[in-house]
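Just so we're clear, the structure is a prediction, and the values are computed from it rather than from any experiment. Side chains included, hydrogens not; waters and symmetry mates left out as well; all remaining heavy atoms used.
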Amino acid sequence: MSEPSRASIRYLSSGRIVEATGFAPTATLLDHLRLTRGLTGTKEGCGEGDCGACTVALGRLVDGRVVYRPVNACIQLLGQVDGAEVVTVEDLSDGGELHPVQAAMVAHHGSQCGFCTPGIVMSLFTLYEAGEPVGRNDVLSQLSGNLCRCTGYRPIVDAALEACDSRPDHKPADAFAARAAETAARLAELDDGQDVFVGSPDRFFAAPASIDALASLYATHPDATLVAGATDVGLWVTKQLKDLPKIIHVGRAAGFNTVSIDDAGVTLGSGATFAESRAAVAAIDPDLDEIWRRIGSEQVRASGTVGGNIANGSPIGDSPPALIALGATLTLRRGTTTRSLPLEEYFLAYGKQDRRPGEFVASVRVPKLKSDQLFRAYKIAKRYDQDISAIMAAFRLTVDTGFIREARIAFGGMAATPKRAAAAEKALVGASLDDSSSWTLAIEALARDYAPIDDMRASAAYRRDTAQALLEKALIELAGETTRATRVAGFREGTDERVA
Ligand SMILES: Cc1cc2nc3c(=O)[nH]c(=O)nc-3n(C[C@H](O)[C@H](O)[C@H](O)COP(=O)(O)OP(=O)(O)OC[C@H]3O[C@@H](n4cnc5c(N)ncnc54)[C@H](O)[C@@H]3O)c2cc1C
Ligand code: FES
Ligand code: FES
């Protein structure tokens, strides 16, 4: 790591800078708030990122402006909040006066036992601070990671709409807005560009400030656990009670979360969260917007990264099938050496990825769709929000005068890894989108591509039947699209829009 490094983390809280040092590498933000600082307004419910009782807001500078996002403090590691403003429910009322979201919750009887209320209020606080016009669907999406077991959601939604959407100009009018410039200046001060290293060489929490420092530290400690958003790793700590003696947090490395768009595609820095990358992938295809929108909850999307979703090698991660179908390429780095490979080649077997000791996922390159390419992606889960997929399906077809010239099909939840459907892809070549009888071989071939398992999310038979139905659904929908495409000049080209 470059010198000098800092042996503490610092964050802004209630207008003052809090410095923490000597903490355990896996100390959680929730334990720090409740047990060390006595801020017991933030509650612990599930301890695994599902219920939202522990929601706090993290304020960070984005293009010079303070942006607040909700996170689950139970699975956020303390070290991750270096450089942020941490806002808890204790901070909301101003001189004894309730914050507008709190006042609306009271007015609409949005609380009964009150256990979920601090988390709900903090989620609504971040919606309020965003200062955008808010509709019912925005509120439902915002609250998708907050469970209430007793009040029922209608009064809470009513309160949210009143607090967040009733201002004519939608601009936040609270103490946070009033001191936004001062907060921005203090956050800028905290960003000192120093590497963070808390602990000893055998037991540490480290947060390198640059990608080079990250690469060098991980090459020196290939046995360390990388942490990006901790929406997976946090559960190893709270549920599996794993001792992770060496943690390297990738989230402070400058530029690691960069999202860049050019004429041919989108490059997502591995540290880009789902929230940060959603607009860029949505510009490739609206189905990606929907997939990104359905990952976990607002809290999970605010912390969880695309790099973590790929690196963890899960067969049921939502982004890999869509990215594989689009022909994405992964870049890995170890020390000063980088290499790239097609994303599908990264997944070798269950729990085994093509990643060498000390090597990390640096970025993923996603090509845009060409004018003769059509795309569909579907997530099948028991619930719309906050649920892991039973099946994730993605299809990219290259079409020439209605005939399929090339097919890329990838599924999650159907095998031990996210996997392409080689037999179905082959059988689709030459099929006509206008003739459903020419699809039969491909739909049948799908049954040879996968041997899915029975588990709590779905039976093997359900998975097989649904996968075949999804391929047929995609073909039906895309057949309608090409018909329109031939009628409408400039379809997709220059616009990236699907014709309605
Ligand atoms: C309540 C809840 C709901 C969820 N819902 C969904 C869902 O709907 N869909 C879905 O796909 N997932 C879901 N997840 C899982 C999780 O949010 C995702 O897998 C997320 O993308 C993980 O990213 P992260 O940044 O939090 O990874 P982390 O937890 O920080 O890390 C995950 C793994 O990747 C490794 N890692 C992280 N970054 C790198 C890197 N740059 N290079 C190499 N290795 C790296 C870590 O060492 C670890 O092994 C959910 C999780 C929770 C808690
Ligand atoms: S305690 Fe349930 S999400 Fe954190
Ligand atoms: S008010 Fe009791 S859990 Fe929501």
Side-chain angles (χ1 to χ4, degrees), residues 264-265 281 283-291 319-329 342-345 365-380 391-415 418-450 452 463-500:
V281 299
I284 295 179
D285 191 274
D287 277 10
L288 295 174
D289 187 40
E290 176 76 357
I291 299 302
S319 69
L323 298 176
I324 289 171
L326 286 164
T329 309
L343 179 54
E344 59 267 38
E345 292 178 12
R365 170 77 181 167
V366 194
K368 283 186 179 172
L369 292 167
K370 300 205 169 73
S371 58
D372 58 354
Q373 290 178 333
L374 303 166
F375 181 77
R376 275 291 186 280
Y378 309 105
K379 171 171 177 168
I380 304 294
I391 304 169
M392 186 48 229
F395 309 90
R396 190 192 76 182
L397 305 182
T398 307
V399 178
D400 186 355
T401 57
F403 288 91
I404 297 170
R405 192 153 44 81
E406 190 210 20
R408 286 181 69 93
I409 301 174
F411 275 86
M414 294 289 289
K419 184 171 173 263
R420 281 177 72 177
E425 286 179 354
K426 198 167 161 214
L428 265 187
V429 174
S432 165
L433 275 178
D434 299 326
D435 175 8
S436 59
S437 68
S438 70
W439 309 343
T440 311
L441 284 178
I443 293 170
E444 285 170 2
L446 209 51
R448 294 196 299 279
D449 279 317
Y450 301 106
R463 286 190 157 102
R464 196 180 44 245
D465 292 352
T466 306
Q468 289 180 317
L470 290 175
L471 172 56
E472 188 169 8
K473 176 179 162 75
L475 291 166
I476 292 168
E477 290 180 6
L478 295 176
E481 217 169 71
T482 43
T483 310
R484 283 198 300 278
T486 51
R487 281 207 310 264
V488 181
F491 171 72
R492 279 201 193 283
E493 272 179 307
T495 64
D496 282 329
E497 293 286 335
R498 178 175 291 147
V499 179

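The shortest side-chain heavy-atom distance between Val399 and Leu374 falls under the 4.5 Å cut-off. At least one side-chain heavy atom of Arg396 sits under 4.5 Å from a side-chain heavy atom of Glu406. Contact of the Asp285 side chain with the Leu326 side chain is not registered, since no non-hydrogen atoms from C-beta on lie closer than 4.5 Å.
Phe411 and Pro321 make their closest contact through C-CG, 3.9 Å (heavy atoms, listed as atom of the first residue, atom of the second, distance). Between Arg365 and Gly265 the shortest heavy-atom distance is NH2-N, 3.3 Å. When every heavy atom of Ala423 is checked against every heavy atom of Asp449, the shortest pair comes out as N-OD1, 2.7 Å. Nearest heavy-atom pair, Ala424 versus Ala442, reported as atom, atom and distance to 0.1 Å: CB-O, 3.6 Å. Here the closest non-hydrogen pair linking Ala325 and Phe395 is CB-N, 4.1 Å. Of all non-hydrogen atoms in Ala467 and Met414, the two that sit nearest each other are CB-CE, 3.5 Å.
Here the side chain of Arg408 pairs a donor or acceptor atom with the backbone of Ile324 at under 3.5 angstrom. Glu345 contributes no side-chain N or O that, together with a main-chain N or O of Pro342, makes up a donor-acceptor pair within less than 3.5 Å.
Applying the ring-ring contact (aromatic ring centres under 6.0 Å, His included) test to every pair with at least one member in residues 420-442, sequence neighbours left out, gives no pairs at all.
Considering Thr398, Leu478, Leu475 as possible partners of Ile404, the one that fulfils the side-chain contact (heavy atoms from CB on, under 4.5 Å) test is Leu475. Checked options Arg420, Arg405, Lys419; the residue passing with Glu425 is Arg420 (criterion: salt bridge (Lys or Arg N to Asp or Glu O under 4.0 Å)). Partner Tyr378 forms a side-chain hydrogen bond (donor to acceptor under 3.5 Å, both in side chains) with one of Lys473, Glu290, Glu477 and no other, that one being Glu477. When each of Ser437, Ser438, Ser432 is paired with Asp435, the side-chain hydrogen bond (donor to acceptor under 3.5 Å, both in side chains) condition holds for Ser437 and for no other.
Note: Leu470 CG to Ile409 CD1 = 11.0 Å, rounded to the nearest 0.5 Å. The CG atom of Leu446 lies 12.5 Å from the CG atom of Leu441; values are rounded to the nearest 0.5 Å. Rounding to the nearest 0.5 angstrom, the gap separating the CD1 atom in Ile476 from the CD atom in Glu481 is 13.5 Å. Remark: Glu472 CD to Ser436 OG distance equals 7.5 Å, nearest 0.5 Å.
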Determine, stepwise, if the pair Val281 / Ile291 fulfils side-chain contact (heavy atoms from CB on, under 4.5 Å). CA-CA 10 Å; Val281 299; Ile291 299 302; over 6 Å; no
